[in-house]
Amino acid sequence: MIIKDVNLETVCGITSKMPENTQPEFAFAGKSNVGKSSLINSLMNRKSYARISAQPGKTQTINFYHINDALYYVDLPGYGYARANVEVKAKWGKMIEDYLHQSKMLRCVFLLIDIRHEPSSNDKLMYDWIVSQGYQPVIIATKADKIKRSQLQKQMKILRTGLEIGTDVLMIPFSAETKQGREEIWDYIEKLAEE
């Protein structure tokens, strides 16, 4: 995918009305600090368009990035951030739920999980919840450069076991450093956008 044009078009906070876009949307979910902004920047071919923060829980809005005037990347707030209070977490949850229910153009939800660790209970909850909303998430196993090549299949298996999913669920190892997986994600997005 050649990225010609990127525009942060809409930022939705807790009280905002969701935009009624007419082009395909691809949403990115994941817990705080899993590398969501790094993935989105890599998919936009930009260094730091989506704000990357050392401080987890930074994305507190739903951000709609218009790509090539053809589709949207939708950055959802990170979940499982310990320091956010219960009330704030509940509002973020509601915001994500509203988005999944209201978007008429959502084609796919990418769920990001750190390849180095077993999925957390929050990851499992999020996976099951996305499925219950009628979507089959694609798993992006982030930080693939942080493990040895020889460990890749073993770690992928740990993720599948932890999420209780079979090999029929698409899982793509990704590294923001080496760009491993980027072409595969682009190809998948392009295929769905054309359908």
Visitor: What heavy-atom pair brings P24 and R107 nearest, and what distance separates the two atoms?
Guide: CB-CG, 3.7 Å
Visitor: Only counting residues at least two apart or in another chain, list the ones meeting side chain to side chain donor-acceptor pair (under 3.5 Å) with T22.
Guide: none
Visitor: Which residues pass the side chain to side chain donor-acceptor pair (under 3.5 Å) test with R160, sequence neighbours left out?
Guide: none
Visitor: Walk me through whether L39 and L112 qualify under side-chain contact (heavy atoms from CB on, under 4.5 Å).
Guide: CA-CA 9 Å; L39 169 71; L112 282 64; 3.7 Å; yes
Visitor: Side chain of T142, backbone of V34: donor and acceptor closer than 3.5 Å?
Guide: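 Checking the backbone N and O of V34 against the side chain of T142, a donor-acceptor pair under 3.5 Å is found.
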Visitor: Nearest 0.5 angstrom please: S16 OG to M95 CE, how far?
Guide: 8.0 Å
Visitor: Which salt bridge (Lys or Arg N to Asp or Glu O under 4.0 Å) pairs, counting each pair once, include a residue from residues 95-106, with sequence neighbours left out?
Guide: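 Residue pairs with at least one partner in residues 95-106: K94-D98.
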Visitor: F26: what forms a ring-ring contact (aromatic ring centres under 6.0 Å, His included) with it, not counting sequence neighbours?
Guide: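 Residues passing ring-ring contact (aromatic ring centres under 6.0 Å, His included) with F26: none at all.
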Visitor: Between I113 and P119, what is the shortest heavy-atom contact and its length?
Guide: CG2-CA, 4.4 Å
Visitor: Without placing hydrogens or testing angles, list every side-chain donor-acceptor pair under 3.5 Å for residues 180-195, not counting sequence neighbours.
Guide:
residue: R182; atom: NH1; partner: S42; partner atom: O; Å: 2.9
residue: R182; atom: NH1; partner: N45; partner atom: OD1; Å: 3.1
residue: W186; atom: NE1; partner: L43; partner atom: O; Å: 3.0

Visitor: Test of understanding: with side chain to side chain contact (heavy atoms under 4.5 Å, CB included), list the residues that count as partners of S120, not counting sequence neighbours.
Guide: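 With neighbours one apart ignored, the set is K31, N122, D123.
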Visitor: Decide whether L71 and M105 are clustered together by the hydrophobic rule: side chain heavy atoms of Ile, Leu, Val, Met, Phe, Trp, Tyr closer than 4.5 Å, transitively.
Guide: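 No.
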Visitor: Check side chain to side chain donor-acceptor pair (under 3.5 Å) between E25 and all other residues, then give those that pass, not counting sequence neighbours.
Guide: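 If we apply the side chain to side chain donor-acceptor pair (under 3.5 Å) test to E25, skipping adjacent residues, the hits are N21, Y99, S103.
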Visitor: As a quick check of understanding, evaluate side-chain contact (heavy atoms from CB on, under 4.5 Å) for L152 and I147, giving each step before the final call.
Guide: CA-CA 7 Å; L152 191 73; I147 59 169; 3.9 Å; yes
Visitor: Report yes if some heavy atom in the side chain of C12 is under 4.5 Å from a heavy atom in the side chain of T61; otherwise report no.
Guide: no
Visitor: So, applying ring-ring contact (aromatic ring centres under 6.0 Å, His included) with F28, which one of F64, Y72, F110 is it?
Guide: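 That would be F110.
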Visitor: Supply the atom-to-atom distance K17 NZ to Q102 CD, rounded to the nearest 0.5 angstrom.
Guide: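 One finds 8.0 Å between NZ of K17 and CD of Q102.
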Visitor: Among all residues two or more places apart in sequence or in another chain, which pass the side chain to side chain contact (heavy atoms under 4.5 Å, CB included) test with K154?
Guide: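 Only I158 meet the side chain to side chain contact (heavy atoms under 4.5 Å, CB included) criterion with K154.
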Visitor: Does K157, at its NZ atom, have more than 12 non-hydrogen atoms belonging to other residues, nucleotides or ligands within less than 6.0 Å?
Guide: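 No.
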Visitor: Work out which heavy atom in K36 is nearest to a heavy atom in P77; give both atom names and the distance.
Guide: NZ-C, 4.2 Å
Visitor: With sequence neighbours excluded, tell me which residues meet side chain to side chain donor-acceptor pair (under 3.5 Å) with H117.
Guide: none
Visitor: Among the clusters formed by ILVMFWY side chains lying less than 4.5 Å apart, do V169 and V131 turn up in the same one?
Guide: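 Cluster IDs for V169 and V131 match.
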Visitor: If two hydrophobic side chains count as joined below 4.5 Å and joins carry through other members, does L125 share a cluster with I96?
Guide: no
Visitor: I'd like to check Y65 versus T10 (side-chain heavy atoms, cut-off strictly below 4.5 Å). Are they in contact?
Guide: no
Visitor: Under the side chain to side chain contact (heavy atoms under 4.5 Å, CB included) test, which residues partner D69, sequence neighbours left out?
Guide: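 For D69, the residues satisfying side chain to side chain contact (heavy atoms under 4.5 Å, CB included) (neighbours in sequence not counted) are D5, H66.
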Visitor: Can you run down the salt bridge (Lys or Arg N to Asp or Glu O under 4.0 Å) pairs that involve residues 125-151, sequence neighbours left out, and say none if there aren't any?
Guide: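 Only K124-D128 qualify under salt bridge (Lys or Arg N to Asp or Glu O under 4.0 Å).
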Visitor: Are the side chains of F174 and I115 in contact, using a 4.5 Å heavy-atom criterion?
Guide: no
Visitor: Verify side-chain contact (heavy atoms from CB on, under 4.5 Å) between I62 and D75, making sure each step is shown before the conclusion.
Guide: CA-CA 6 Å; I62 298 180; D75 186 4; over 6 Å; no
Visitor: Is it the case that the side chain of K179 and the backbone of A176 share a donor-acceptor pair, with hydrogens and angles ignored and the cut-off at 3.5 Å?
Guide: yes
Visitor: What verdict does the side-chain contact (heavy atoms from CB on, under 4.5 Å) test give for I139 and I165, after you've listed the backbone C-alpha separation in whole Å, the side-chain angles of each residue and the deciding distance to 0.1 Å?
Guide: CA-CA 10 Å; I139 308 299; I165 56 174; 4.1 Å; yes
Visitor: Taking the side chain as every heavy atom from C-beta outward, state whether L159 and E118 have any atom pair closer than 4.5 Å.
Guide: no
Visitor: What are the two closest non-hydrogen atoms of Y127 and L163, and how far apart are they?
Guide: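 Shortest heavy-atom contact: CB-CD2, 4.0 Å.
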Visitor: Residues in salt bridge (charged side-chain N to carboxylate O under 4.0 Å, His left out) with R116, at least two apart?
Guide: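 So R116 forms a salt bridge (charged side-chain N to carboxylate O under 4.0 Å, His left out) with D114.
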Visitor: Is it true that a side-chain atom of N68 and a backbone atom of I2 form a donor plus acceptor pair closer than 3.5 Å?
Guide: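 The answer is yes, because a donor-acceptor pair under 3.5 Å joins these two groups.
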Visitor: So do L111 and V138 actually touch side chain to side chain, heavy atoms under 4.5 Å?
Guide: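 With C-beta onward as the side chain, the pair stays apart.
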Visitor: Report yes if some heavy atom in the side chain of Y49 is under 4.5 Å from a heavy atom in the side chain of I40; otherwise report no.
Guide: no
Visitor: Does K4 use its side chain to pair, donor to acceptor, with the backbone of I67 at less than 3.5 Å?
Guide: no
